[in-house]
2 protein chains.
Amino acid sequence: MRSAREAHPKDRLLRTASRLFYAEGIHAVGVDRLVSEAAVTRATFYRHFPGKDDLVAAYLKTASEAIREAIGRAREDKTPREALIAVMSVIGDATCADDFRGCQFINAAAEYPDSDHPVRAVIDDHRTWFLGVLRDLAAELGHPDPDHAARVLVLLRDGALQGGELDDPAVVRETLHRAVEDLIPH
Amino acid sequence: MRSAREAHPKDRLLRTASRLFYAEGIHAVGVDRLVSEAAVTRATFYRHFPGKDDLVAAYLKTASEAIREAIGRAREDKTPREALIAVMSVIGDATCADDFRGCQFINAAAEYPDSDHPVRAVIDDHRTWFLGVLRDLAAELGHPDPDHAARVLVLLRDGALQGGELDDPAVVRETLHRAVEDLIPH
DNA sequence: CACTAGAAAGACCGATCGTTCTCCCTAGTG
DNA sequence: CACTAGGGAGAACGATCGGTCTTTCTAGTG
């Protein structure tokens, strides 16, 4: 029986891809490197994924699911105001993580300029979902214009995730926190 | 004599590189493609640039200079408040351009994960300059915390440039405009 | 005029890209 | 036991990667 630590080849591929794509970029990581670090053969790779782009899409879908869970947990047992601050704090905290390298979706979009590409669809899904979360929270806490508030929060989110990589993450987190508190009614 | 329209090979290379790198991504455009579209030979390429990365750096420096000029013009003959709104409008308007494909520097950073890379230095320079512009304007306009205000404006800038590519540019421009007006004292 | 710098044209380099292939072996199922 | 699905190992595909080379030609300078 296969031990729990060394997962199935498909899982190892996905984990390795997530790590390498995020840390080094997508085009910069070749299939050779992927199969080598995942300890999987090329044949096995193409048995599970039709092509590299499908692995990229799977990587982003996995990232999206993880974020949805984290955001979901942050909302639990909180008033709308607390929940919104907690949700945006998830963003700010993420920028301060050791292995933070920007937003997976923004980084991926930079490497997939064609907006009709399947990878871009995964990105759009994630962004649409997050905007919806923010709009709902803004509405629940009685913001006079929840749609606008949500869109401003998305601007702050994108900016924070970018600034977390290119500027000082701790300063970015603090800036984001203050901006969020100023945005929502007291 | 060389006509004015067909510029020197170095200029043609830089123009072609700017167009292709921005539209399609940096790693996605090879040297073959560059010299072919610039109507320049490989030998000429390497006579003017030590390597592809140097052309990338030149591309970003050129973009930075163009932006500095545009921002400089937007500030002319205006009160601090008008100037700051005009500067941020340059950002919002850019997202609505036909060939808009996000922020050159953010996109490039996604493809250069190593923060010690020379290309990242060009990016850092540009960001530091823009933060300074915003800080100065916020101070001139009497904002109680110009440094914080400038950092929030940078978040909004980064978010707008990203949203302009991934979301609806017209909505992003409007959202940015309202957010800026709400941020600065009336 | 002779000289030279720079560009054109294109062959060439080893390495790597994403992808497909064959062959063999082993673990799980009936 | 026999059978099979799936993984390991690795060769091979054409294409492209960034970069170097030689050769020829032309425009500008003295």
Side-chain angles (χ1 to χ4, degrees), chain A residues 1-21 23-60 107-108 110-114 117-120, chain B residues 1-21 23-60 107-108 110-114 117-120:
Chain A
M1 175 186 159
R2 201 184 300 271
S3 85
R5 280 202 56 83
E6 57 173 70
H8 290 84
K10 186 168 184 174
D11 288 341
R12 292 209 306 272
L13 269 172
L14 196 49
R15 279 183 223 273
T16 305
S18 298
R19 179 170 53 86
L20 295 181
F21 285 160
E24 307 184 16
I26 295 169
H27 291 340
V29 176
V31 177
D32 275 326
R33 180 87 188 289
L34 282 169
V35 299
S36 161
E37 295 216 14
V40 160
T41 61
R42 303 176 77 77
T44 304
F45 177 103
Y46 286 100
R47 205 174 285 126
H48 288 292
F49 299 95
K52 188 191 175 186
D53 279 351
D54 301 87
L55 178 59
V56 174
Y59 146 60
L60 291 177
N107 289 352
E111 299 201 58
Y112 286 87
D114 179 7
H117 195 285
V119 165
R120 287 288 289 263
Chain B
M1 174 184 156
R2 198 184 301 275
S3 85
R5 280 202 57 82
E6 57 173 67
H8 290 85
K10 186 167 184 176
D11 287 340
R12 292 209 306 271
L13 269 171
L14 196 49
R15 278 183 224 272
T16 305
S18 298
R19 179 170 52 88
L20 295 181
F21 285 160
E24 306 184 18
I26 295 169
H27 291 339
V29 177
V31 176
D32 275 327
R33 182 88 186 289
L34 283 168
V35 300
S36 162
E37 296 218 14
V40 159
T41 61
R42 299 179 76 79
T44 303
F45 177 104
Y46 287 101
R47 202 174 289 123
H48 288 293
F49 299 96
K52 188 189 175 187
D53 279 352
D54 300 87
L55 179 59
V56 174
Y59 147 60
L60 291 177
N107 290 351
E111 300 201 57
Y112 287 86
D114 179 7
H117 195 285
V119 165
R120 287 287 289 263

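Note that the structure is predicted; figures quoted are calculated from it, not measured. All chains are named by letter (A, B, ...) in the order of the sequence lines, taking the proteins before the strands, and each is independently numbered beginning at 1.
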Can you check the [X] [atom1] to [N] [atom2] distance for me, whole Å?
X: His27(B); N: dT16(C); atom1: NE2; atom2: P; result: 15 Å
X: Arg33(B); N: dT16(D); atom1: CZ; atom2: C1'; result: 13 Å
X: Ile26(B); N: dC17(D); atom1: CD1; atom2: P; result: 15 Å
X: Asp32(A); N: dG10(D); atom1: CG; atom2: C1'; result: 11 Å
X: Lys10(B); N: dA5(C); atom1: NZ; atom2: C1'; result: 15 Å
X: Asp11(B); N: dG6(C); atom1: CG; atom2: C1'; result: 15 Å
X: His8(A); N: dA5(D); atom1: NE2; atom2: P; result: 17 Å

Residues from residues 36-50 of chain B sitting under 4.0 Å of DNA chain C, heavy atoms only?
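Within this stretch, Ala39(B), Val40(B), Thr41(B), Arg42(B), Ala43(B), Thr44(B), Arg47(B), His48(B) sit under 4.0 Å of the strand.
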Can a cation-pi geometry be assigned to Lys10(B) and Phe49(B), taking NZ or CZ under 6.0 Å from the six-membered ring centre and within 45° of the ring axis?
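Yes, Lys10(B) and Phe49(B) form such a contact.
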Among all residues two or more places apart in sequence or in another chain, which pass the salt bridge (charged side-chain N to carboxylate O under 4.0 Å, His left out) test with Arg19(A)?
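Testing Arg19(A) for salt bridge (charged side-chain N to carboxylate O under 4.0 Å, His left out), a comparison that skips the adjacent residues, returns Glu37(A).
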For Asp32(A), salt bridge (charged side-chain N to carboxylate O under 4.0 Å, His left out) partners two or more places apart
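Scan of Asp32(A) (salt bridge (charged side-chain N to carboxylate O under 4.0 Å, His left out), adjacent residues dropped) gives Arg42(A).
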Within the 4.0 Å heavy-atom criterion, would you say Val35(A) contacts the bases, only the backbone, or no part of the nucleic acid?
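Val35(A): no heavy atom of the nucleic acid under 4.0 Å.
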Just to be sure I understand the rule, does Val31(B) reach a base, reach only the sugar-phosphate, or reach nothing, if contact means heavy atoms closer than 4.0 Å?
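Sugar-phosphate, no base atom in range.
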Would you say Lys52(B)'s side chain and Gly30(B)'s backbone share a donor-acceptor pair under 3.5 angstrom?
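The answer is no, because no donor-acceptor pair under 3.5 Å joins these two groups.
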Could you check, using the six-membered ring where one of them is a Trp, whether His27(A) and Tyr112(A) have ring centers closer than 6.0 angstrom?
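Yes, they do, as the ring centres are separated by less than 6.0 Å.
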Among side-chain atoms of Asp54(B) and His48(B), is any donor-acceptor pair under 3.5 angstrom?
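On atom types as modelled, these side chains do not qualify, holding no pair under 3.5 Å.
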